[in-house]
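The figures that follow rest on heavy atoms only: side chains count, while hydrogens, waters and symmetry mates do not. This is a predicted model, so every value here is computed, not measured.
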Amino acid sequence: MKTDIEIAQEAQMIPIKEVASSLGMSEDDLELYGKYKAKISNEFIESVKDREDGKLILMTAINPTPAGEGKTTVTVGLGEAFGKLDKKAVIALREPSLGPCFGIKGGAAGGGYAQVVPMEDLNLHFTGDFHAITSANNLLAAMLDNSIKQDNELNIDPTKVVWKRCVDINDRVLRNIIVGRGRDVDGVEREDHFVITVASEIMAILCLATDYADLKKRLGKIVVAYTYDDEPVTAKDIKAVGSMAALLKDAMKPNLIQTLEHTPALVHGGPFANIAHGCNSVKATKTALKMADYVITEAGFGADLGAEKFLDIKCPMAGLKPDCVVLVATVRALKYNGGTAKEDLKDPDLDSLKKGICNLEKHIENLQKFGVPVVVTLNQFRKDTKEELDYIKEFCESKGCEFALAQVWEFGGEGGIELAKKVIETIETKPSNYHPLYEADLSIKEKIEKVATEIYGADGVTYSDEAEDAIARIEKMGYGDCPVCMAKTQYSLSDDKEKLGRPTGFTVNIREVYISAGAGFVVAITGSIMTMPGLSKTPAAYGIDLTDDGKIEGLF
């Protein structure tokens, strides 16, 4: 079979104006970025705000493995399958980061015959949203350092600067740096840090803000430093809000593209789920709900990260109520969790499957805690055996879940019809009684421990001295009612990536805690998780090239 990029490059796209027309939009409702990409105007979004919402479907997955799960692929394929059934559907996805594109994971456009296109544009610079976020982040950093240099009227303690610069590339050498070295005119020398752009609070703010007024209000609340008297200093104090908002003006507008089968896709925002809240923008999701009968959105990595944050952070903040959750797994990934070596995953191994299915079991149990109907789907591979498929189906149904196979990678929308019918049936027969995992009035520690024990399966939580001090400070500042955004490895339910399956007998260690006041959540960093990833020994960047005739190769 052809590679993903070959399939995408051979796709017969239709002008984005035609895709928009299927949703009731005219050319005047779009801001075009060439023939196949557009932003949706604020005027159109305002004009549809009083329409009835469609049904909201969340796509999530088990913990990722080297075998691959295909969550975005199934999201795209399900949207295409709704089209095959003459249902009006829209997909709402995150934008890919350049970090994984040139690192290990690759892009985030789906795969096979279930992709969004133009694939190269999406995975690279797209419409410039990440550039705008990076620029706004670093403008704030520059204005903060300038405030310290120019007589320091705000009494900022340079050793208590907490705002970090960012770049959308995996670059480990920028994690800890010294700035301001050189002459006196070059600034105040201090330790500084970088995060990857998708971990910037401005990314989270853009994805949670409902309009420009809300954007500016959230930007103004960003805590950038503390004074010598230990009082917080905000972006509003630095007088950076207006200029940051100006940089983010167009980035606030959702992007419209299409799938290989011309299903509309709103792709907007892109926080990582292992170090941020892992969901696309509220504005894109809410706009999609006004335009379609069914909206399929995804949350990053496994259900212990992306889905938990979608259900505990995004939904309560945005007033969203999901009607169904689709949980993606593969036979290969479950066998990997059961101990099968990566090179042997193509071979039948029912024993390993039975051992590894405990990972799926835990995710099912977790999602059921939120009161939303769950459909488990297997992203099917050709060498999966009937015995393996039947075992998983029976297991899921014994846990009170609906079950359907998906073959969207190979067959596109046609391969997702069974899943689409099952999702429709579930929505029509099983009402959603969605509720968050915890109440807002719990303490920060109680929320952390609720997630760690009930979602991860930990016996308890330990805290570093720095984390203890930070929690006390955050609660003293009045942010104790914020939800928690857990930064944790995606590869395990625990905070140790080596613990596969369904780990037990472990504690979660909270290394660092800080407030993202503009985003409206408290970030708790566990274990050895990094907010600036590094490149591997053989990064994907080695295989990406541009031919003499301008064709991109090796992107996946």
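Judged purely by atom type and a 3.5 angstrom limit, Lys335 has no side-chain atom pairing as donor or acceptor with the backbone of Ser352. In this structure, the side chain of Glu388 engages the main chain of Thr385 through a donor-acceptor pair within 3.5 Å. Under a 3.5 Å cut-off, the side chain of Ser492 and the backbone N or O of Lys497 do not form any donor-acceptor pair. Without hydrogens or angle criteria, Asp349 side chain to Leu345 main chain gives no donor-acceptor distance under 3.5 Å. Side-chain atoms of Asp4 do not come within 3.5 Å of backbone N or O of Phe556 as any donor-acceptor pair. Between the side chain of Ser200 and the backbone N or O of Ile196 there is no donor-acceptor pair closer than 3.5 Å. A donor-acceptor pair under 3.5 Å is formed between the side chain of Thr73 and the backbone N or O of Gly111. Under the 3.5 Å distance criterion, the side-chain polar atoms of Asp384 are matched with a main-chain donor or acceptor of Phe381. Without hydrogens or angle criteria, Arg332 side chain to Lys346 main chain gives no donor-acceptor distance under 3.5 Å.
Under the 6.0 Å distance and 45° angle rule, Lys39 does not count as a cation-pi partner of Phe126.
Of the candidates Thr210, Asp214, Asn42, Asp211, Asn42 is the only one forming a side-chain hydrogen bond (donor to acceptor under 3.5 Å, both in side chains) with Lys283. Just one residue in the list Lys430, Lys421, Lys393 forms a salt bridge (charged side-chain N to carboxylate O under 4.0 Å, His left out) with Glu402, and that residue is Lys430. Residue Thr197 is tested with Asn137, Thr134, Asn138, Asp129 for a side-chain hydrogen bond (donor to acceptor under 3.5 Å, both in side chains); the sole match is Thr134.
Side-chain contact between Leu122 and Pro96: present, with at least one pair of heavy atoms (C-beta onward) separated by less than 4.5 Å. Here the side chains of Phe272 and Gln490 are not in contact, with every heavy-atom distance at 4.5 Å or above. The side-chain heavy atoms of Cys207 and Asn280, taken from C-beta on, include no pair separated by under 4.5 Å. Contact annotation: the side chain of Phe130 approaches that of Met203 to within less than 4.5 Å [non-hydrogen atoms, C-beta and beyond]. Counting heavy atoms from C-beta on, the side chains of Cys396 and Leu360 come closer than 4.5 Å. You'll find the side chain of Leu206 reaches within 4.5 Å of the side chain of His268, heavy atoms only. Taking the side chain as every heavy atom from C-beta outward, Leu98 and Leu124 approach each other to under 4.5 Å. The shortest side-chain heavy-atom distance between Leu248 and Tyr212 does not fall under the 4.5 Å cut-off.
Residues passing the salt bridge (Lys or Arg N to Asp or Glu O under 4.0 Å) test with Asp545: none are found, sequence neighbours excluded.
Within a 6.0 Å radius of CD in Glu343, more than 12 heavy atoms belonging to other residues, nucleotides or ligands are found.
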Test log, rule side-chain hydrogen bond (donor to acceptor under 3.5 Å, both in side chains), inputs Thr259 and Glu80: CA-CA 7 Å; Thr259 74; Glu80 292 176 332; 3.1 Å; yes
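Side chains of Glu69 and Thr65: a donor on one and an acceptor on the other come within 3.5 Å. Between the side chains of Asp28 and Ser26, no donor N or O sits under 3.5 Å from an acceptor N or O. A side-chain donor-acceptor contact under 3.5 Å links Glu120 and Gln9. For the 3.5 Å distance criterion, the side chains of Asp304 and Asn366 fail to qualify, holding no donor opposite an acceptor. Side-chain atoms of His131 and Asp168 include no donor-acceptor pair closer than 3.5 Å.
The stretch residues 274-326 participates, sequence neighbours left out, in these ring pair (Phe, Tyr, Trp, His ring centres under 6.0 Å) pairs: Phe82-Tyr294, His277-Phe521.
Separating the CD atom in Glu95 from the CG atom in Asn255 is a distance of 5.0 Å, to the nearest 0.5 Å.
A salt bridge is absent between Asp53 and Lys321: the closest approach of a Lys/Arg side-chain nitrogen to an acidic carboxylate oxygen does not fall below 4.0 angstrom.
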